[in-house]
Amino acid sequence: MDVRMDGRVAMITGASSGLGLAMAKEFAASGGSVALLARKADALSVAKAEVAKAAGKANTKIEAYSCDVSKAAPIADTFKKVVADFGKVDIVVNNAGISHAKAFDTVTDEDWQGDLDLKLFAAIRLCRLALPGMRERKWGRIVNVLNIGAKAPGADSTPTSVSRAAGLALTKALSKENAPHNVLVNAMLVGLIDSDQWQRRHKAIGKGETYEQFLAGMAKGRIPLGRMGKAEEFARMACFLCSDAGSFITGVAINVDGGASPVV
Ligand SMILES: NC(=O)c1ccc[n+]([C@@H]2O[C@H](COP(=O)([O-])OP(=O)(O)OC[C@H]3O[C@@H](n4cnc5c(N)ncnc54)[C@H](OP(=O)(O)O)[C@@H]3O)[C@@H](O)[C@H]2O)c1
């Protein structure tokens with residue numbers, strides 16, 4: 001099977017590290033052009049160089065944009081710049097996010113608002129900007145990166161599980177509305193996947209175990225496949241959904257979790 005993205009332009013939020021960076025590399029290696037969004041300019045320029053390297057000889061364009069997607073104005077400005085630089089946006093991956101889960105009683109109004117701004121409103125705003133062009137060209141892909149708590153929330157999982165569940169509803173509603181225009185909208189639900197956020201957490205805990213021991217401890221008893229996922233494994237599924245190979249799949253939410261979720 002040929003999974004190619006030649007001629008497509010993808011806008012990926014949270015693309016300076018972890019899953020977002022892995023998706024950007026996979027898309028570029030498959031011939032796609034990629035706009036990378038994140039807040040920190042220094043990390044973005046390192047990421048841009050890595051993505052360009054992954055693209056190899058492919059005829060792609062890679063640009064990086066410093067943008068806080070939890071705010072409306074930067075999203076609108078950046079979208080305008082991306083269209084000016086690339087001419088169009090065919091693919092949007094709403095991936096930016098940070099871990100935010102604690103006991104319900106301790107979640108403040110500010111926590112709720114911040115989480116919804118980053119994980120729900122960022123996707124709403126970017127989809128609203130990108131959808132008209134996708135519909136006009138009769139080709140589009142949106143992938144909303146959520147987590148398995150969206151379908152199966154656990155204790156101490158707010159505000160994230162609630163923001164993510166809203167992302168599921170957004171995915172389904174947009175898939176129905178846009179299918180007649182050949183714009184496909186899907187969600188990918190992360191379980192536990194090795195990324196920069198786990199490296200930061202390992203450093204912060206500083207218990208003296210190696211990073212490999214830390215990852216093995218995280219996976220033990222939680223992931224039926226017996227290990228944390230790799231960002232590349234996640235990126236391959238995203239690339240499939242965003243290519244022509246995924247042309248009959250819309251409105252689904254796929255667990256990419258090594259079997260961890262209790263529900264399908
Ligand atoms: N890896 C997992 O096991 C796991 C589990 C559950 C859910 N997820 C979800 O999967 C997505 C990717 O996670 P990851 O593990 O790859 O995390 P990561 O390595 O920490 O990367 C997060 C990315 O998001 C960007 N970002 C954060 N806040 C932003 C903002 N306000 N505006 C723009 N960009 C922002 C970060 O760059 P800047 O800081 O420079 O902005 C970075 O590029 C997130 O939505 C996360 O919640 C991951």
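Counting starts at 1 for both ligands and their atoms, following the listed order. Predicted model only: the values in this text are computed from it and were never measured.
Nearest protein neighbour of atom 29 (C) of ligand 1, counting heavy atoms only, is Arg39 NE, 3.4 Å. Closest to atom 18 (P) of ligand 1 among all protein heavy atoms lies Ser17 OG, 3.4 Å. When hydrogens are left out, the protein atom nearest atom 12 (C) of ligand 1 is Asn95 OD1, 3.2 Å; that is the closest non-hydrogen contact. At the shortest separation from atom 14 (P) of ligand 1 among protein heavy atoms lies Ser195 OG, 3.6 Å. Remark: minimum distance from atom 22 (C) of ligand 1 to any protein heavy atom is reached at Gly97 O, 3.8 Å. Nearest protein neighbour of atom 17 (O) of ligand 1, counting heavy atoms only, is Gln197 NE2, 3.8 Å. The single protein non-hydrogen atom nearest to atom 16 (O) of ligand 1 is Leu19 N, 2.8 Å, given as residue, atom name and distance. Looking at atom 35 (C) of ligand 1, its nearest protein heavy atom turns out to be Ala96 CB, 3.7 Å.
Among the atoms of Leu118, none of the N or O lies under 3.5 angstrom from an N or O of ligand 1. At least one N or O atom of Val69, backbone or side chain, sits closer than 3.5 Å to an N or O atom of ligand 1.
Short contacts between ligand 1 and Asp196, defined as distances under 4.0 Å to a heavy atom of the residue, involve ligand atoms 19 (O). Under a 4.0 Å criterion applied to the non-hydrogen atoms of Leu192, ligand 1 contributes the atoms 3 (O). Taking a cut-off of under 4.0 Å to the non-hydrogen atoms of Gly18, the atoms of ligand 1 that pass are 16 (O), 19 (O). For ligand 1, the atoms lying closer than 4.0 Å to a non-hydrogen atom of Cys67 are 32 (N), 33 (C). Each of the following atoms of ligand 1 lies closer than 4.0 Å to a heavy atom of Gly14: 23 (C), 24 (O), 25 (C), 43 (O). Of all atoms in ligand 1, listed by their number and element, those nearer than 4.0 Å to a heavy atom of Asn147 are 6 (C), 7 (C). Of all the atoms in ligand 1, the ones that sit under 4.0 Å from a non-hydrogen atom of Arg200 are 20 (O). Proximity to Gly191 (heavy-atom distance under 4.0 Å) selects the following atoms of ligand 1: 3 (O), 5 (C), 6 (C).
Assignment of Thr13 to the shell around ligand 1 is not supported, since no heavy atom sits closer than 4.0 Å. Heavy-atom separations between Met218 and ligand 1 are all 4.0 Å or longer. Residue Lys119 places no heavy atom under 4.0 Å from ligand 1. Every heavy atom of Leu37 sits 4.0 Å or more from the atoms of ligand 1.
Which of Tyr65, Phe234, Trp198 comes nearest to atom 3 (O) of ligand 1 through a heavy atom is settled by distance: it is Trp198.
Proximity of Arg164 to ligand 1, defined as any heavy-atom pair under 4.0 Å, is confined to the side chain (atoms from C-beta onward). Of the heavy atoms in Val145, only side-chain atoms (C-beta onward) come closer than 4.0 Å to ligand 1. Residue Leu21 does not touch ligand 1, judged by heavy-atom distances below 4.0 Å.
When atom types are taken as modelled, the side chain of Asp90 and the backbone of Val9 share a donor-acceptor pair closer than 3.5 angstrom.
The pair Glu233-Arg227 counts as a salt bridge, with a side-chain nitrogen and a carboxylate oxygen less than 4.0 angstrom apart. Using a cutoff of 4.0 Å between basic side-chain nitrogens and carboxylate oxygens, Asp68 and Lys71 are scored as salt-bridged. Salt bridge annotation for Arg8-Asp6: absent, with no cationic side-chain nitrogen under 4.0 angstrom from a carboxylate oxygen. One finds no salt bridge joining Arg4 and Asp244 here, because no Lys/Arg side-chain nitrogen approaches an Asp/Glu carboxylate oxygen to under 4.0 Å. Note on Asp85 versus Lys61: no salt bridge recorded, every NZ/NE/NH1/NH2 to OD/OE distance being 4.0 Å or above.
Looking only at atom types and distance, the side chain of Arg39 has no donor-acceptor partner in the side chain of Ser16 under 3.5 Å away. With hydrogens and angles left out, the side-chain atoms of Asn95 and Thr13 include no donor and acceptor closer than 3.5 Å. Side-chain contact, Asp117 with Gln113: a donor N or O sits under 3.5 Å from an acceptor N or O.
A 4.5 Å side-chain heavy-atom check between Ile12 and Val34 finds at least one atom pair inside the cut-off.
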List the atom pairs, with distances to 0.1 Å, where a side-chain N or O of residues 24-31 and a protein N or O form a donor-acceptor pair under 3.5 Å, not counting sequence neighbours.
{"unit_1": "Lys25", "atom_1": "NZ", "unit_2": "Glu50", "atom_2": "OE1", "d": "3.0"}
{"unit_1": "Ser30", "atom_1": "OG", "unit_2": "Glu26", "atom_2": "O", "d": "2.8"}

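Atom NZ of Lys138 is surrounded by more than 12 heavy atoms from other residues, nucleotides or ligands within 6.0 Å.
A cation-pi arrangement, defined by a distance under 6.0 Å to the six-membered ring centre and an angle within 45 degrees of its axis, is absent between Arg135 and Trp139. Relative to the ring axis of Tyr65, Lys81 does not place its NZ or CZ within 45° and under 6.0 Å from the centre.
Grouping the Ile, Leu, Val, Met, Phe, Trp and Tyr side chains by contacts below 4.5 angstrom, directly or via other members, places Met1 with Met5.
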